[in-house]
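Each remark here refers to the structure printed beneath this line.
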Amino acid sequence: MNPAAAMAPGTPLTPRLVAEGLAVAFDGRTVLGDASLAVRPGAIAVLEGPSGCGKSTFLRMLAGLTEPLRGRRLLDGEDALAMRPEVWRRRVAYVFQQPPMFDGTVADNLRAGPKLAGRSLAKADVEALARRVGLDAALLDRAARSLSGGEQMRVAIARALANDPGVLLLDEPTAALDPASAATVLGLVRDLAGEGVSVVVVTHSREHAEALGGTRYVVADGRIDPRPEDPCTP
Amino acid sequence: MHPLSIPFSRLGLAAGLVVVAMLLSRREALGLERELAVGALRAAVQLIVIGYVLLLLISHEHWASVALALAAMLGTAAVTAARRVEHGPSARVLAPRALVAIGAAALVALVPVFACIVRPSPWFDARYVVPIGGMMFSSAMNVVAQVFERIFAQAHAEAATVEQWLALGATPRQALASVVRAALRAAMIPTINGLVTVGLVALPGMMTGQILSGAAPEQAVRYQIVVMYQLVAVAAVAGALSAMFATRLLFTSRSQLRRRW
């Protein structure tokens, strides 16, 4: 059986990532009260909503960087709390809105994740990662911080992919990019989903949400709901 | 040789030196006059009192009174090192950890020296144990204060990078490694500089004091060498322990960076 076909969105597979009734509060103010989401392998979930509605906080909880007050997070049926946080985070990769570049070259950055686990990536692996995100191999020896915003975003995605995660969480990946770089990154995200990676994207741009083509959700009133069909949308 | 003594009347004259600093502070509008006056007075009172305490300890030799004096010094050092840091936990949380770091560092530096190198008799002889212990506490106190200050400030300033490491599967220790390394290096450097320049620029206080009070310079120098080596161990142990405590405080049990205190 063709694995790509089996992983295409819409096929009745068990979800890879499940969030059930997540709640979080800051300084006594409830940001999310009952947020749930399920994402199948190869599917893209797009979260939209006004700023301050808790989209990023929800993503941070999925990444294990913020602890929910209530609720469960499951990866392939396994509870986050049953896993060491480092293991969870290698499998559920999180790319920040403005991902910090580490000291050193682009190649150093791509090697960072596996190195933490005691693995060193061969040159060919690093080049393959760069190809996967459409980074020119000539950039690998450049200082990561000298790259443009769009290039840095692709370095950040490649750096996350180096751990071979099953889930990719992206927080406003196009917010700081010019239209051309944004289009490249959106295409890259679709390709990764095509390879079977489950993707959760937070965006406030309706245009980018449409370009991603996944299932769209609205984050509001502390909940996550499927986006109602809007007949007026062109 | 008998050392030249300083009567109280002439000690008062020395206060004129502080007045020089206060006049300059006023002229340059530094606003430090009050601090200088209070500091100078506190230093004099504290030293005069500790002089009598030492006299008492030396004349009524008992291990318990020496232990009590050391405990008071250690407690004061811990409370001073654990002053409230910005973007970090309260002094109440830091103080017990500072106590352990300073205490352990001093033990590592003091026990082998008094057991094998200086060997006072009795072993708790206040003449040796109190001043050398005090130097160790004081050095450890500065290292701990600096390590706490730097680690909490840097972890706050570089929170995004620390969390980026966590997101890639780093353990808290790995995520904070560069912050800890910078803090420890900065805390060790004054001690290392001290090793390199001692005798060329400054004659250390203890050695100078011994020579002024009539000890043979050659013996005073040997004491100073031992003390300087002790200070190296103190800086390393106090730094490593306080960095470990700071790292533990900075992360939750689920390895998340704490941003609120």
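In what follows, chains are A, B, ... by sequence order, proteins preceding strands, each numbered from 1.
- Remark: A:Arg145 CZ is packed, more than 12 non-hydrogen atoms of other residues, nucleotides or ligands lying under 6.0 Å away.
- Proximity to chain A at a heavy-atom threshold of 4.5 Å picks out B:Arg254, B:Ser255, B:Gln256, B:Arg259, B:Arg260 from residues 253-261 of chain B, in numerical order.
- By a heavy-atom distance cut of under 4.5 Å, not one residue of residues 178-197 of chain B is near chain A.
- Of the listed residues (A:Ala162, A:Pro100, A:Ala117), the one with the most heavy-atom contacts under 4.5 Å to chain B is A:Pro100.
- Of the listed residues A:Val87, A:Leu81, A:Val92, the one with more heavy-atom pairs under 4.5 angstrom with chain B than any other is A:Leu81.
- When all heavy atoms of A:Tyr94 and B:Ala167 are compared, the closest pair comes out as O-CB, 4.1 Å.
- Summarising the local packing, CG of A:Asp136 is surrounded by more than 12 heavy atoms from other residues, nucleotides or ligands at distances under 6.0 Å.
- The number of heavy-atom neighbours closer than 6.0 Å to CD of B:Gln46, taken from other residues, nucleotides and ligands shown, is above 12.
- The neighbour count for A:Phe26 CZ, taken as heavy atoms of other residues, nucleotides or ligands under 6.0 Å away, is above 12.
- Looking at A:Asn163, its side chain does come within 3.5 Å of a backbone N or O of B:Leu168 through a donor-acceptor pair.
- Contacts between residues 52-73 of chain A and chain B, counted as heavy-atom pairs separated by less than 4.5 Å, involve A:Arg60, A:Gly64, A:Leu65, A:Thr66, A:Glu67.
- For residues 134-152 of chain B, heavy-atom neighbours of chain A at less than 4.5 Å comprise no residues at all.
- The CE atom of A:Met101 sits 7.0 Å away from the CD atom of B:Gln164 when rounded to the nearest 0.5 Å.
- Residue B:Arg173 places its CZ atom among 12 or fewer non-hydrogen atoms of other residues, nucleotides or ligands, all under 6.0 Å distant.
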